[in-house]
Amino acid sequence: MKDEVKKALDSIRPYLQADDGDIELVDITADGIVKVKLTGACDVCPLSVITLRAGIDGHYLDKFLE
């Protein structure tokens, strides 16, 4: 699962880096919860919650539920 998560994060990374931000994988818990950290400009951006929920969760959650 870790490789798939890294691959998914790598695919979204260019969009975050275009706005001087980035994302890093912090942990994957035993029950499958993926913990990430937004860095750079994303760390202080007021829209980071939307990035996580709509952009990352919304786009990639379906792939891992299959």
Side-chain angles (χ1 to χ4, degrees):
M1 178 174 177
K2 187 173 184 175
D3 289 335
E4 289 117 353
V5 170
K6 284 184 175 184
K7 191 174 183 180
L9 294 178
D10 286 344
S11 71
I12 193 125
R13 183 168 278 116
Y15 301 104
L16 300 174
Q17 290 174 339
D19 290 323
D20 296 322
D22 209 343
I23 190 166
E24 63 183 55
L25 178 62
V26 174
D27 190 24
I28 301 174
T29 66
D31 55 345
I33 295 173
V34 175
K35 296 182 180 184
V36 297
K37 179 180 179 182
L38 292 174
T39 61
C42 293
D43 183 37
V44 295
C45 178
L47 300 176
S48 62
V49 173
I50 295 170
T51 298
L52 282 172
R53 295 291 179 218
I56 298 170
D57 282 355
H59 185 74
Y60 293 104
L61 188 58
D62 291 338
K63 291 183 180 185
F64 292 104
L65 292 177
E66 294 175 348

*Would you please test D22 and L38 for side-chain contact (heavy atoms from CB on, under 4.5 Å) and show each step?*
CA-CA 6 Å; D22 209 343; L38 292 174; over 6 Å; no
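With contacts defined as side-chain heavy-atom distances shorter than 4.5 Å, the pair T51/V49 does not qualify.
Taking CD1 from I23 and CG from L52, the interatomic distance works out to 6.0 Å, rounded to the nearest 0.5 Å. In this structure, the separation between NZ on K2 and CD1 on I28 is 6.5 Å, given to the nearest 0.5 Å. Taken from CG in D20 to CG in D43, the straight-line distance is 13.0 Å, to the nearest 0.5 Å.
Taking K37 as the reference, E24, V26, T39 meet the side chain to side chain contact (heavy atoms under 4.5 Å, CB included) condition, with sequence neighbours excluded.
Across K6 and L25, no two heavy atoms sit closer than the pair CG-CD2, 4.1 Å. Closest approach of S11 to P14, counting heavy atoms only: O-CD, 3.6 Å. Scanning both residues, C42 and S48, for their nearest heavy atoms gives O-CB, 3.4 Å.
Under a cut-off of 6.0 angstrom, the local environment of CZ in R13 is crowded, with over 12 non-hydrogen atoms contributed by other residues, nucleotides or ligands.
Using a 4.0 Å cut-off between a side-chain N of Lys or Arg and a carboxylate O of Asp or Glu, D10 and K7 do not qualify as a salt bridge.
Here I50 sits in one hydrophobic cluster together with L47; the rule is ILVMFWY side chains under 4.5 Å apart, joined directly or through other members.
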